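These notes are about the structure you will find just below.
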Amino acid sequence: MEYIYPKYYEKFKCVADKCPDTCCAGWQIVIDKKSLDKYSKLDTPFGNRLANSIDWEEGVFLQDDRKRCAFLNEDNLCDIYAEAGKDSLCKTCRRYPRHYEEFENVRELSLSLSCPEAAKIILEEEKLPKLISTERDLPEEQYDYFDFLLYTKLLEIRDLYFEVLKNEEYSLRYKMGFLLATAHDIQNRIKNGKVFEIDELLEKYSSKDFYKTANDIFEKYKNNYEKGMHARRDIFDNLFFLEVLNKGWPAFMSACRESLYEEDVDTYICNKEEFQGYYTVREQEYLNLLHYFVYVYMLGAVYDGDLYTKIRFCIVNLLNIMEIDHAVWLAANRKLDMPTQTSIVYKYSREVEHSDLNLKHMEELIAKGREYSYEKMLNAIFLI
């Protein structure tokens with residue numbers, strides 16, 4: 001079995017009660033069957049507490065009226081860990097914020113952006129991470145259906161994308177445009193059963209001449225202020241249709257929206273130019289985020305064949321975070337420090353990534369919504 005993970009994965013260490021938030025509140029914690037069986041057989045006073053604090057039908061820990069896990073104490077520490085030891089934690093609690101994506105005989109590991117400490121590690125990387133590969137002696141897997149050819153091509157595409165993201169000659173908006181345009185192009189081959197043509201496309205995209213070709217295509221979308229603002233607003237507004245995990249999130253998002261889009265286009269653009277000038281020296285943070293989203297989500301296209309939706313999802317998340325940053329910067333007298341940025345990122349991730357309902361809804365919106373069309377996405381990317 002091959003295990004792959006970004007180099008920064010090795011840096012993570014839980015800061016426990018020193019964390020500015022907790023991973024044991026705001027969402028339900030699903031308990032694996034092995035742990036449920038262990039909990040059901042624990043014949044101790046603490047075992048009785050376990051029995052009364054689990055929804056056995058749903059296989060989740062009960063929560064109090066603040067949506068905190070029944071075992072999260074007032075010091076933001078876990079009573080299961082304290083009373084029964086680390087080995088008694090369920091798989092979800094042992095792993096988090098470590099995340100696994102499974103492919104035939106391959107596991108890709110990542111840190112979840114929803115963890116404050118993980119978000120901080122990812123944002124503070126000075127360059128895009130190297131992917132580490134290790135082998136473990138485990139039985140071979142044989143999936144009922146796994147398109148190994150498509151998987152191989154997706155790996156090659158992702159390798160190219162990572163090389164483009166690392167290229168310091170290209171601007172951030174060019175990199176987003178490159179991902180969008182090439183994924184759109186490649187998707188047509190996948191849809192029409194012409195995966196074999198992807199090699200030729202990758203060769204074309206890797207050539208030095210392609211930069212000029214792509215830039216010529218992007219030129220008509222650059223600095224189209226009104227269309228660009230409306231495109232970003234329409235993408236941003238769809239966040240209001242998602243399941244709410246933190247009750248304070250809708251009010252925060254409404255305040256962001258008001259500060260961004262209630263002004264006229266000229267004011268929005270003037271503020272946007274100033275913000276982007278302010279944040280240019282920290283652009284690596286945005287590249288780190290885009291790399292994270294591509295790494296975690298892109299290869300999922302092997303299961304549904306929809307690379308284009310996966311790449312748009314990655315870009316949309318980055319655009320939304322950039323808009324929230326802009327709004328918070330305005331509200332904070334044109335300042336945005338790293339602790340605030342970390343807070344924005346992990347809270348955004350919690351709302352979007354930690355609800356299966358939200359992930360499914362966003363994927364459906366992006367796949368079918370007019371606001372995510374090729375033209376409108378390019379308008380949003382090349383706003384200024």
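Along the sequence shown, residues carry numbers from 1. Because the structure is a prediction, the values reported are computed rather than measured.
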Partner of Tyr151 under ring pair (Phe, Tyr, Trp, His ring centres under 6.0 Å), picked from Tyr145, Tyr303, Phe103, is Phe103
Any sub-3.5 Å donor-acceptor pair from Gln63's side-chain atoms to Trp27's backbone N or O?
yes
Report task. Answer yes or no: does atom OH of Tyr81 have more than 12 heavy-atom neighbours from other residues, nucleotides or ligands under 6.0 Å? Result -> no
Indicate whether any N or O donor in one side chain lies under 3.5 Å from an N or O acceptor in the other, for Thr309 and Arg312. yes
Residue set satisfying salt bridge (Lys or Arg N to Asp or Glu O under 4.0 Å) with Asp266, at least two apart, ordered chain then number -> none
_Parallel, tilted or perpendicular, as decided by the 30° and 60° cut-offs, for the rings of Tyr211 and Tyr170_ = parallel
Just checking, any donor-acceptor pair under 3.5 angstrom between side chains of Asn358 and Arg350?
no
Report task. For atom NZ of Lys194, decide whether the heavy atoms of other residues, nucleotides or ligands shown that lie under 6.0 angstrom number more than 12. Result -> no
Counting only heavy atoms from other residues, nucleotides and ligands, does the tally under 6.0 Å from CD of Glu283 exceed 12? yes
Shortest non-hydrogen pair, Phe46 vs Asp79, comes out as CZ-O, 3.7 Å
Nearest heavy-atom contact between Tyr374 and Ala181 is OH-CB, 3.5 Å
Tell me, do Lys166 and Leu287 make a side-chain contact under 4.5 Å, heavy atoms counted? no
Given Lys212 and Asp216, is the salt bridge (Lys or Arg N to Asp or Glu O under 4.0 Å) satisfied, shown in steps? CA-CA 6 Å; Lys212 184 179 185 309; Asp216 290 343; 3.1 Å; yes
Run the side chain to side chain contact (heavy atoms under 4.5 Å, CB included) check on Leu260 and Arg232 step by step: do they pass? CA-CA 10 Å; Leu260 289 173; Arg232 289 206 181 190; over 6 Å; no
With distance as the sole criterion, is a donor-acceptor pair present between the side chains of Asp325 and Gln341 under 3.5 Å? yes
Of Lys11, Lys130, Arg282, the one forming a salt bridge (Lys or Arg N to Asp or Glu O under 4.0 Å) with Glu125 is Lys11
Note to self: Whether the side chain of Lys222 engages the backbone of Phe382 through a donor-acceptor N/O pair (distance < 3.5 Å, no angle test) should be reported.
What the structure shows: no
* Taking everything shown except Lys120 itself, do over 12 heavy atoms lie less than 6.0 Å from its NZ? -> no
Q. Do the side-chain N and O atoms of Asp237 and Tyr261 include a donor-acceptor pair separated by under 3.5 angstrom?
A. no
Examine distances only and state if a side-chain atom of Ser88 and a backbone atom of Ala84 form a donor-acceptor pair shorter than 3.5 Å.
yes
When every non-hydrogen atom of Phe61 is compared with those of Cys90, the smallest separation belongs to CE1-SG, 4.0 Å
Ion pair Asp87/Arg94, N-O distance below 4.0 Å: no
Looking at Arg158 and Glu108, is any side-chain nitrogen of the basic one under 4.0 Å from a carboxylate oxygen of the acidic one?
yes
Residues at least two apart in sequence or cross-chain that pass salt bridge (Lys or Arg N to Asp or Glu O under 4.0 Å) with Asp64, listed by chain then number, are Arg66
| query | Stepwise, does the side chain to side chain contact (heavy atoms under 4.5 Å, CB included) test hold for Ile132 with Tyr9? | reply | CA-CA 9 Å; Ile132 308 298; Tyr9 183 87; over 6 Å; no
>> Evaluate Gln284 against Asn288 for side chain to side chain donor-acceptor pair (under 3.5 Å), listing each step before the verdict.
In response: CA-CA 6 Å; Gln284 183 64 42; Asn288 293 343; 2.9 Å; yes
May I ask you to check whether over 12 heavy atoms, not counting those of Asn192, lie within 6.0 Å of atom CG? yes
Do other residues, nucleotides or ligands put more than 12 heavy atoms under 6.0 Å from Phe241 CZ?
no
d(Phe71 CZ, Leu50 CG) to nearest 0.5 Å is 4.0 Å
| Under the salt bridge (Lys or Arg N to Asp or Glu O under 4.0 Å) criterion, do Asp199 and Lys153 qualify, and how do the steps go? | CA-CA 8 Å; Asp199 288 338; Lys153 295 307 163 192; 2.7 Å; yes
In Arg233, Lys272, Arg257, the residue satisfying side chain to side chain donor-acceptor pair (under 3.5 Å) with Glu323 is Lys272
May I ask you to check whether Glu163 and Asn167 show a side-chain donor-acceptor distance below 3.5 Å?
no
query: Under a single-linkage definition using a 4.5 Å side-chain heavy-atom cutoff for Ile, Leu, Val, Met, Phe, Trp and Tyr, are Val15 and Tyr8 assigned to the same hydrophobic cluster?
result: no
Notebook entry, point to check: Should the pair Phe178 and Tyr205 be assigned to parallel (<30°), tilted (30 to 60°) or perpendicular (>60°) ring geometry?
Noted result: perpendicular
Rounded to the nearest 0.5 angstrom, the OH-OG distance for Tyr268 and Ser259 is 10.5 Å
When every non-hydrogen atom of Cys314 is compared with those of Leu290, the smallest separation belongs to O-CD1, 4.1 Å
Quiz item: If you measure from the Lys or Arg side-chain nitrogens to the Asp or Glu carboxylate oxygens, is any gap between Lys41 and Asp37 under 4.0 Å?
Solution: yes
When every non-hydrogen atom of Glu104 is compared with those of Tyr143, the smallest separation belongs to OE2-N, 2.8 Å
Closer than 4.0 angstrom, basic N to acidic O: yes or no for Lys360 and Glu363?
no
Margin query: Can you confirm whether Lys227 is buried at NZ, in the sense that more than 12 heavy atoms of other residues, nucleotides or ligands lie under 6.0 Å from that atom?
Written below: no
Of Glu2, Glu141, Glu101, Glu135, the one forming a salt bridge (Lys or Arg N to Asp or Glu O under 4.0 Å) with Arg107 is Glu141
Notebook entry, point to check: Should we count CD of Glu203 as having more than 12 external heavy atoms under 6.0 Å?
Noted result: no
* Between Lys18 and Glu117, is a salt bridge (Lys or Arg N to Asp or Glu O under 4.0 Å) present by the stated rule, with each step listed? -> CA-CA 10 Å; Lys18 296 181 178 63; Glu117 185 64 17; over 6 Å; no
Next item on the list: Go through Tyr3 and Leu109 one step at a time and tell me if the side chain to side chain contact (heavy atoms under 4.5 Å, CB included) criterion holds.
Entry: CA-CA 7 Å; Tyr3 282 74; Leu109 286 59; 3.4 Å; yes
Handout entry: Non-hydrogen side-chain atoms of Tyr5 and Pro129 separated by less than 4.5 Å
Key = no
CZ (Arg68) and CG (Asn76) are apart, to the nearest 0.5 Å, by 5.0 Å
The reported gap from CD1 in Ile366 to CZ in Phe313 (rounded to nearest 0.5 angstrom) is 6.5 Å
### Message
Can a side-chain donor-acceptor contact be found between Tyr372 and Asn238 if the only test is distance below 3.5 angstrom?
### Response
yes
Using only heavy-atom distances, determine whether the side chains of Glu285 and Tyr279 contain a donor-acceptor pair under 3.5 Å. yes
Do Arg95 and Tyr100 meet the cation-pi criteria used here (NZ or CZ under 6.0 Å from the six-membered ring centre, within 45° of the axis)?
yes
For Met176 and Ile315, the nearest pair of non-hydrogen atoms, with its separation, is O-CD1, 3.4 Å
inquiry  = Show, in sequence, the C-alpha distance, side-chain angles and deciding distance for Tyr174 and Glu169, and conclude whether the side chain to side chain donor-acceptor pair (under 3.5 Å) test is met.
reply    = CA-CA 10 Å; Tyr174 173 83; Glu169 296 179 14; over 6 Å; no
task: Could you verify whether a donor N or O on one side chain and an acceptor N or O on the other, from Glu243 and Ser355, lie under 3.5 Å apart?
output: yes
